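Naming: A, B, ... by sequence-line order, numbering from 1 per chain. Please read these numbers as outputs of a predicted model, since none were measured by experiment.
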2 protein chains.
Amino acid sequence: MKIKKEVTIYDLAKELNYSPSTISRALNNHKSISKKTIKLIKEAAEEMGYRPNNLAAGLRNNKSNTIGVLISRINRPFMASLISGIEETARKAGYNVLISQSNDKYENEISNCNTLYDSRITGLIVSLSMETVEMEHFQKFVDKGIPIVFVDRVPDNFNSYKVVIDNYTAGYSATKHLIEQGCKRIAHFAGAQHRNVYRERKKGYLDALREHGLPIEDNLMVNFKTLSFEEGNKATKKLLKSANPPDGIFSANDTAAVSAIMCAKKMGVEVPEQLAVIGFNDDPIASIVQPSLSTVSHPASKMGAISAKRILDHSINTYDTGVSEVTVLGTEIIARDSSLKRTKVLESE
Amino acid sequence: MKIKKEVTIYDLAKELNYSPSTISRALNNHKSISKKTIKLIKEAAEEMGYRPNNLAAGLRNNKSNTIGVLISRINRPFMASLISGIEETARKAGYNVLISQSNDKYENEISNCNTLYDSRITGLIVSLSMETVEMEHFQKFVDKGIPIVFVDRVPDNFNSYKVVIDNYTAGYSATKHLIEQGCKRIAHFAGAQHRNVYRERKKGYLDALREHGLPIEDNLMVNFKTLSFEEGNKATKKLLKSANPPDGIFSANDTAAVSAIMCAKKMGVEVPEQLAVIGFNDDPIASIVQPSLSTVSHPASKMGAISAKRILDHSINTYDTGVSEVTVLGTEIIARDSSLKRTKVLESE
DNA sequence: TTAATTTACGCAATCGATTCCGTTAACTAT
DNA sequence: ATAGTTAACGGAATCGATTGCGTAAATTAA
């Protein structure tokens with residue numbers, strides 16, 4: 001098949017009897033080009049079907065107007081919303097978004113990091129993989145003055161921009177919510193403890209118990225690997241069959257929380273009467289399960305938007321190695337049926 | 001802060017006393033460079049921290065090893081899985097993935113199209129926006145020999161690669177499934193009829209009714225705009241309050257189907273006994289709602305993988321304008337509790 | 001009226017990798 | 001031993017946009 005030739009600024013220059021410099025400047029609204037000329041050139045460009053070559057511009061400027069995103073998995077409600085927020089903000093500013101998923105593997109994270117670097121991204125937004133501990137693969141970005149924004153699953157030992165929620169307070173509030181509902185023995189489904197988000201949530205849980213004089217028992221705290229449905233199911237069954245079962249569960253995510261509800265129901269344990277449950281994330285399934293799941297809501301899309309803005313606003317001058325600029329967003333306890341022990345809630349509508 | 005200088009093939013050339021040509025060829029395993037030299041150069045490159053500049057290579061080759069993705073919204077389970085499949089396949093082949101969402105607006109689709117074009121993507125994967133009718137904004141890709149793969153929401157009037165599921169058969173089977181369960185008056189929640197996916201599902205529904213001698217009634221077919229939860233709620237209420245309510249609903253997506261289940265329960269209509277429901281997509285909520293939602297499952301991630309492969313395998317020589325290469329994938333009826341009228345299903349496990 | 005600006009543009013180098021042509025030296029065949 | 005190959009590499013143009021520097025003409029200031 002026949003391939004149409006690309007129209008370049010040189011073609012425009014020849015056609016309009018201007019130099020390529022003038023064409024370039026006109027298209028970028030440079031002030032030293034007269035209004036008339038700009039109008040003329042832009043109209044001709046439009047008519048001739050000119051389209052800028054981002055690769056050429058990027059090469060010259062050594063950046064690509066592209067934001068790189070490095071996350072664990074796309075098909076999780078939180079991540080999808082995060083990306084959605086990033087994409088919207090980036091595109092409004094004329095930026096592209098490159099995505100890559102690590103599938104929670106350290107190795108993939110490194111390799112994706114390199115690929116993104118090779119593409120001369122303007123900035124990088126990262127949510128760490130489950131496995132990641134070492135952080136050297138991010139150093140080259142710092143060395144080059146390329147901003148990195150860590151979101152949600154952030155490192156402890158690396159100075160950079162960070163956008164997080166207040167996991168400690170969220171964990172504290174969720175637990176306190178259960179206590180206020182009358183729970184006396186509250187279990188916790190904890191995520192991998194080397195990831196600060198899960199560690200903070202657990203801290204909040206522990207402090208809430210302490211401050212309210214409730215027992216802290218090792219066998220009420222289950223350390224999950226992935227907080228999957230299956231893991232949740234197994235853990236719930238074990239807890240409920242134990243000699244002294246809990247009357248409340250604070251799960252570090254909704255998936256495991258939902259599995260707890262379903263498992264309890266199957267075992268004839270009433271939720272919330274005998275077992276109150278609160279999750280984390282406010283995934284779509286939370287409002288669908290019955291009884292509907294109380295949870296902690298994230299402003300996921302907003303976190304994405306803020307992260308993107310961090311990159312866009314980043315000026316090389318204000319970037320000082322050794323300083324972390326952390327944005328902490330608030331969360332909200334969504335009290336649904338799965339935790340409301342005292343009052344029977346009327347169905348809305 | 002101090003910015004580290006980039007290491008280029010020229011730096012390597014100077015350091016190793018080779019020409020840039022040789023460095024370039026060595027890094028690409030060109031056959032006319034000796035094994036020894038290749039090894040030497042690669043090791044030096046590694047040690048000096050050389051990283052290729054994709055922009056420069058892209059400019060020279062006039063392509064960027066990047067696949068562009070243009071969809072309506074990322075934060076939908078189907079779309080997220082689709083992208084996930086694309087990303088995995090692309091990355092394995094050393095390609096990057098650029099994403100952009102139209103939010104179902106025609107205008108955004110055009111503008112995103114242009115931005116992706118300007119980035120010299122190797123190929124484009126598209127799921128059309130709800131609004132899109134005209135297709136000229138894709139023409140420039142065809143003119144340039146850049147392959148386009150339409151996925152799921154594909155056009156009727158544009159020749160290109162297409163990856164779809166057999167919506168007609170799926171619609172037919174879903175309806176037939178309800179009929180086999182004893183339904184006599186089956187309603188249909190239909191999506192926007194100018195999008196072929198929804199049109200096909202409806203066709204399948206109609207043919208199934210016809211072939212089984214069931215009544216086709218206009219007031220049993222609801223045309224939705226977005227198949228949202230709210231729309232589904234409203235439609236269900238209206239249907240169930242009508243003089244002659246349906247005993248089955250085939251919804252073109254799960255969201256509306258779930259809303260139907262919840263609405264029915266609230267109104268005291270038993271599911272599936274009085275109202276059987278089957279949805280479409282097999283979203284996570286489908287297995288969480290109670291009774292669990294029967295549905296039609298998509299191989300979303302696989303569709304993404306196939307689409308990406310189409311781009312990767314595309315050779316300019318084999319691309320013939322005027323021909324559509326369509327890949328049709330099968331679907332599967334997932335029979336859960338919401339549609340099983342006859343037999344009471346034992347809870348698994 | 002003349003010097004000092006300002007306006008509006010052109011020249012040419014530059015970004016980094018690729019690749020079409022060579023070229024030299026070593027090697028093989030007859 | 002000489003022509004013919006092959007192996008291994010170098011020179012330099014090229015991709016398209018950007019930009020520091022330079023300049024001629026037009027305008028303003030004194």
Ile9(B), nearest nucleotide to its side chain (from dC20(C), dA17(C), dA17(D)): dA17(C)

Residue pair Lys105(A) / Asn112(A), side-chain donor-acceptor N/O under 3.5 Å: no

Shortest side-chain distance from Arg60(A), nucleotide among dA17(C), dT14(C), dC11(C): dT14(C)

Separation of atom OH in Tyr18(A) from atom C1' in dA8(C), rounded to whole Å: 9 Å

Distance-only side-chain donor-acceptor flag, Ser81(A) / Ser84(A), under 3.5 Å: no

Any Ser19(A) side-chain N or O less than 4.0 Å from OP1/OP2 of dG10(C): yes

Polar side-chain atom of Lys162(A) near backbone of Pro155(A) as donor-acceptor pair, under 3.5 Å: yes

Touch class at under 4.0 angstrom, heavy-atom based, for Asn61(B) against every strand present: sugar-phosphate

Nucleotide nearest Arg25(B) (side chain, heavy atoms from C-beta), chosen from dC20(C), dG16(D), dT19(D): dC20(C)

Given dA8(D), dA17(C), dG16(D), the nucleotide with the shortest approach to the side chain of Lys5(A): dG16(D)

Rounded distance in Å - CG (Asn54(A)) to C1' (dG16(D)): 11 Å

Closest to the Ser32(B) side chain, choosing from dT18(D), dC9(D), dG16(C): dC9(D)

Side-chain donor-acceptor pair present, Ser129(A), Asn108(A), cut-off under 3.5 Å: no

Length of the NZ-C1' vector between Lys31(A) and dT19(D), whole Å: 13 Å

